[in-house]
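This report refers to the structure that appears directly beneath it.
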Amino acid sequence: MNVYAQFNEHEFIYDTFRKEDALHIVLDGQESAFDLAELGNGRYALIKNGHSFLIHLLKQNDVYHVHVNGAYYAISVEDERMRKLKELVAASHSGPAEQMIKAPIPGFVLKVQVEAGQVVKKGDPLLILEAMKMENVIKANCDCRVEEIIIQEQEAVQQNQDLMRLVTVDKD
Amino acid sequence: MNVYAQFNEHEFIYDTFRKEDALHIVLDGQESAFDLAELGNGRYALIKNGHSFLIHLLKQNDVYHVHVNGAYYAISVEDERMRKLKELVAASHSGPAEQMIKAPIPGFVLKVQVEAGQVVKKGDPLLILEAMKMENVIKANCDCRVEEIIIQEQEAVQQNQDLMRLVTVDKD
Amino acid sequence: MLKKILIANRGEIALRIIRTCKEMGIGSVAVFSEIDRKSPFVYAADEAYPLGGITSQESYLQWQKILDIAKACGADAIHPGYGFLSENADFSEAVSAAGLTFIGPPAQAIRLMGNKTAARKLMIAHNVPTVPGTEDAVQDVQEAQKIARDIGYPVLVKAAAGGGGKGMRLVESDEQFAEAVEGAGREAQSAFGDGSVYIEKFVEEPRHIEFQILSDANGKTIHLGERECSIQRRHQKVVEESPSSLLDEKLRAEMGAAAIRAAEACDYRGAGTIEFLVDKHKKFYFLEMNTRLQVEHPVTELVSGLDLVQEQILIASGEPMTRTHSLEQFWGHAVECRLYAENPENNFAPSPGTIVFLKAADGPGIREDSGVTQGSEISLYYDPMISKLIAWGANREQAMNRMIRALQEYEILGIHTTIPFLIKVMEHPAFRSGNFTTHFIEEYKDALFTPTEETAETAAFTAVLDYLNEKSRIAIKTSSNGKEANSLWKTIHRSKALRS
Amino acid sequence: MLKKILIANRGEIALRIIRTCKEMGIGSVAVFSEIDRKSPFVYAADEAYPLGGITSQESYLQWQKILDIAKACGADAIHPGYGFLSENADFSEAVSAAGLTFIGPPAQAIRLMGNKTAARKLMIAHNVPTVPGTEDAVQDVQEAQKIARDIGYPVLVKAAAGGGGKGMRLVESDEQFAEAVEGAGREAQSAFGDGSVYIEKFVEEPRHIEFQILSDANGKTIHLGERECSIQRRHQKVVEESPSSLLDEKLRAEMGAAAIRAAEACDYRGAGTIEFLVDKHKKFYFLEMNTRLQVEHPVTELVSGLDLVQEQILIASGEPMTRTHSLEQFWGHAVECRLYAENPENNFAPSPGTIVFLKAADGPGIREDSGVTQGSEISLYYDPMISKLIAWGANREQAMNRMIRALQEYEILGIHTTIPFLIKVMEHPAFRSGNFTTHFIEEYKDALFTPTEETAETAAFTAVLDYLNEKSRIAIKTSSNGKEANSLWKTIHRSKALRS
């Protein structure tokens, strides 16, 4: 069965199957010999084709947060079945999808940079949240229209508090 | 209620009581103001009369293994009731008490230094156990008579394996 | 010698000071906010007393409480660290008035150097170069042009009431001047209702280079060489090193002498730092003086062999300093990276949380000044800097290589840190060449913020293994009717492993 | 320059070598036993291959397997570390025969210095002092007495077949000699059935002082000063430092020159150590040469600024060494403490187990070369040394004070370590004075093994709190019918806390 791992714009497509009680993982026709030892606390010692790594892995909200050699990756994984299921759901879904923007950290709303009804592009700044004396720009994560602005400037917000409701803009 | 804490030849006798929902601990007429914060993993931050300590505490087989400032203490604690109970049991117990000497670590019996029937003093060497390329002397922990020698020289032993049976010698 | 020192600070710098106290046989007293009860600096100190409160305002800035604790516990001195009360002249005075020793300069020196205009005038009077420009706004174009010619082009024309780049012009030659002043004036007039402008020398390819100075109880001042602090993000230093690749012996001697003049000008005592900007012509200009211990002091310690906190305590005790001459020969090279609990992938957003696993880097040439440990909770209330990693090498290349090695092996789980970003800085060709300016991060941001792809496939591979393992566990769980299932790894991971 | 190095070792020294490889941009290959699969040195290396097996014999001593792996993975050199195969001349030869570079001296030098009698003869021939004595047993009393007079009293008379002190006599003057030889001979005859005896110079108040040497590819040899290693337990070094308090410049120059002669005598290449005994008259005697990297090499690194593993790799690559002159000026002072997984309260019994919490010491002047991490399992199969803590100071006192500070703040839970004992060594007046011999631990064992009482009451107090807390929890549990009870601390510990 194919398993897809996505990181930024990259996608790695692994062919995985079980044979003689062993798990086989093939990428681009190359099979990896591997040994994964769990060290506890989300730490793993991986040897893959002789190359040795210490890996930190933490799964949160379906995203794998992975550290290798001081580098950090946020990776999404899904298999063939899940992907097909998702496509079916997406196709059957009518009307624009709704997105709730939540506060990633507790803070203080310094500035709201959009207005209700405004159309924004993915990456456009929505508001500035101040926390730990630092300004944090909260950006749109899709091409959207701002449906509702729930908070106000100068308001203190808790982590995960709803800030804005967006709806995706139909590209067709 | 009195609580006794023993460390080597020292004994600290604490008077402990509860008043107004608070625990009071008095040593030699001096009460301590304290704040104990648990840090996890057996670590505690103790502030006692303004003095601050990081303490490692691990309880094993009724002994508190405590590390403070790089020093190590093995401390036994009992309260008045327990102590009285013990004394009653000891008084009612007839005949000599039996002691089983067990291997504290896996190893190899290099030399047996006593014979069955031999009377030994507390601290006398009983046998030498080799482990990690080091010789470890196992000593008598009481004034005793060697009742039975269970292992032989040149024998490999597991941790906690019975090595020798001793009986306490009546001092009267 | 002082006997017991209260440290009016928290985190890594409190721990740093406590350690020197221990090494000198001096008692140490911590004070702490409610948030910091479980912090390493609290249990590392000999004594600890609660300040109560959560925010800095409620705790570490509560002088009267701090003074009361100091007196009650019999401390004879207060070390303010950096930040918080360290550059507060009134506090310094209050400490002295309470009969205690303030480990820092006299209130007068703090006050003088804390006032930008006064400090600038004092420096000019003592022949310490400052960025040339007009003190007051000029409205006459011809007079302004005369000044611009004196300063030498390029110059900046800046709106007196300005900000945000409005009413600002960069003027590269005399011919452009008149038009630029008029344009800036018009723009300023319309933006701020005030058309007056300043003229200031434009510092080209600026580098931030500072000198560590020590002044003993008699006012005898030495310098301990420079620190290169040009790698900055939003005017916050990120990486510091000593010595600087820019300075040669001649420039070092000139700047060092200027730094000593600056300290002498304000009748300084203790450890202080003179910050300079150096332009592409190696002309240097006084920026400001920090009248306290600097965050980046460890790089100077490594190349000088001194313990700067110990020197501060010696000076405050009226004892002679360890050295009596300025540092002329550096012992190798040292680099410091500040570790922040921030997510560089998300615009350096603070990353509060609990450190669930921590294994610092160790081995040759690595020093760490950390304020946290496994189990520490990083809150949003204080500065997000959690630790400083410092690498020493016989030369700059070895120091950088050791730093990369240490950053790569540093393990911290539960919060985001700036480690991935710092590795990119250390590896960047411009940083490695030693040829960079304070614009480094802005200039190379594309390279510095591109995720590393080298180990991406390995990360993806491990995530896939975990995914498959979890799925098979669920499968087993379901089929065996809720019974606890074993990890599939135990059966699968060895089977293919290491056969090749 | 070498491109990829296989490290035929484990633990801290494997990690130490891997780190230098990384810093030099050289590939590193680990090989590991079954026990070591999860060890830091395995995941720190670029590549790792299993040797299988558990004991050293089954794993790290399996040369052929190691050579096969080295060839298969394309390594061009093997670093043996210390112990295991490091002083095995046959292995060194086999590595060369396989077309790989052995990072160490030629087989011939290993063989020569590995043979005690041959090495002794070679040293005498090259004017390197050895402990005077008879090579062969003497049976004629008068001949023996003549030798004893030549050597100078005190001498030891030792049974040729002896051991355990039987048939041994210390002779302080000529008058006692004849009787002592006869007595020793009789005792030896009755104990071992062989009455022949040796005569050997008795080294009074011996100190173990060794010199680090480096010989480049052309045989040019320099020394990097001495290490003081007199603090030993059962002939195992426990604490090492550099420089030694005993040596003055003159003695250092003499011993350094002798060390260089010793290395040149065996046509040495690479890093090596010449061990000497120094007696109370500051006379020094060659003891042996270690033809490999020494456990205690970090103290020399800190006072010289060199990376000795880097020097080994440079020399093995045929590149010039970093220094071309012997070290005459030390950069401050360095002390190393070896941390063993042993229980000093129980006669240093090994303390295997899992490290459940680990927070190493950090801060100014502290370096650690560790081989373990939190979660590591310490087995009984290998050497119980788990880490080396090294402190640098501007002088000996600061280095010692920093070491004590670091040992006190070092946190390791789950196994016993020698930390409590090391603190006592560091604090002992004889150690602090610099005036001690190899008998230090034996001589002062009463003080070194008396439990610290300073913090005993605090420990007892905490144990009592835990006891009361547990009891009250049981009580609550019982009364509330098995419902999970909260810790009483939450309610009690704050109520009395910090009110005073």
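Model, not experiment: these values are computed from the prediction. Letters go in sequence order (proteins before strands), and every chain restarts at 1.
When side chains are defined from C-beta on, A:L58 does not count as touching C:V356, because their heavy atoms never get closer than 4.5 Å. With contacts defined as side-chain heavy-atom distances shorter than 4.5 Å, the pair A:I75/C:T462 does not qualify. With a 4.5 Å cut-off on side-chain heavy atoms, C:E457 and A:F7 do not count as touching. A heavy-atom distance below 4.5 Å is not found between the side chains of C:K471 and A:M82. In this structure, the side chains of A:F34 and C:L465 come closer than 4.5 Å at one or more pairs of heavy atoms.
The most heavy-atom pairs under 4.5 Å with chain C, out of A:N41, A:L46, A:V66, A:V3, come from A:N41. By number of non-hydrogen pairs under 4.5 angstrom with chain A, the leading residue of C:Q408, C:E411, C:E409 is C:E411.
In this structure, chain C has a heavy atom under 4.5 Å from the side chain of A:H10, while its backbone stays farther away. Heavy atoms of A:K139 lying under 4.5 Å from chain C are absent altogether. Looking at A:N8, the atoms closer than 4.5 Å to chain C (heavy atoms on both sides) all sit in the side chain, from C-beta outward. Heavy-atom distances place the side chain of A:I55, and not its backbone, under 4.5 Å from chain C. Residue contact with chain C, scored on non-hydrogen atoms closer than 4.5 Å, involves the side chain of A:F12 exclusively. Proximity to chain C is limited to the side chain of A:T16, based on heavy atoms less than 4.5 angstrom apart. Residue contact with chain A, scored on non-hydrogen atoms closer than 4.5 Å, involves the backbone of C:L407 exclusively.
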Show the numbers, then the answer: is there a side chain to side chain contact (heavy atoms under 4.5 Å, CB included) between A:Y73 and C:T452? CA-CA 9 Å; A:Y73 305 95; C:T452 310; 3.8 Å; yes

Verify side chain to side chain contact (heavy atoms under 4.5 Å, CB included) between A:L36 and C:N469, making sure each step is shown before the conclusion. CA-CA 11 Å; A:L36 187 72; C:N469 179 56; over 6 Å; no

Would C:Y467 and A:D79 satisfy side chain to side chain donor-acceptor pair (under 3.5 Å), going step by step from the backbone distance to the final call? CA-CA 9 Å; C:Y467 176 87; A:D79 61 25; 3.0 Å; yes

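At most 12 heavy atoms of other shown residues, nucleotides or ligands fall within 6.0 angstrom of atom CD in C:E397. Counting heavy-atom neighbours within 6.0 Å of A:Q154 CD, excluding the residue itself, gives a total above 12.
Annotation: residues 419-427 of chain C contacts chain A through C:I419, C:P420, C:I423 [non-hydrogen atoms, separation under 4.5 Å].
In this pair, A:Y14 and C:F461 present their aromatic rings perpendicular. The plane angle is above 60°, beyond the 30 to 60° band.
Put simply, NZ on A:K59 and CG on C:D466 are 7.0 Å apart, with the number rounded to the nearest 0.5 Å. A distance of 11.5 Å separates CD1 of C:I404 from CG of A:N69, quoted to the nearest 0.5 Å. The distance from the NE2 atom of A:H51 to the OG1 atom of C:T455 is 13.0 Å, given to the nearest 0.5 Å.
Considering all non-hydrogen atoms of both residues, C:I412 and A:H56 come closest at N-CE1, 4.1 Å. Residues A:N136 and C:P350 come closest through the heavy atom pair OD1-CD, 2.9 Å.
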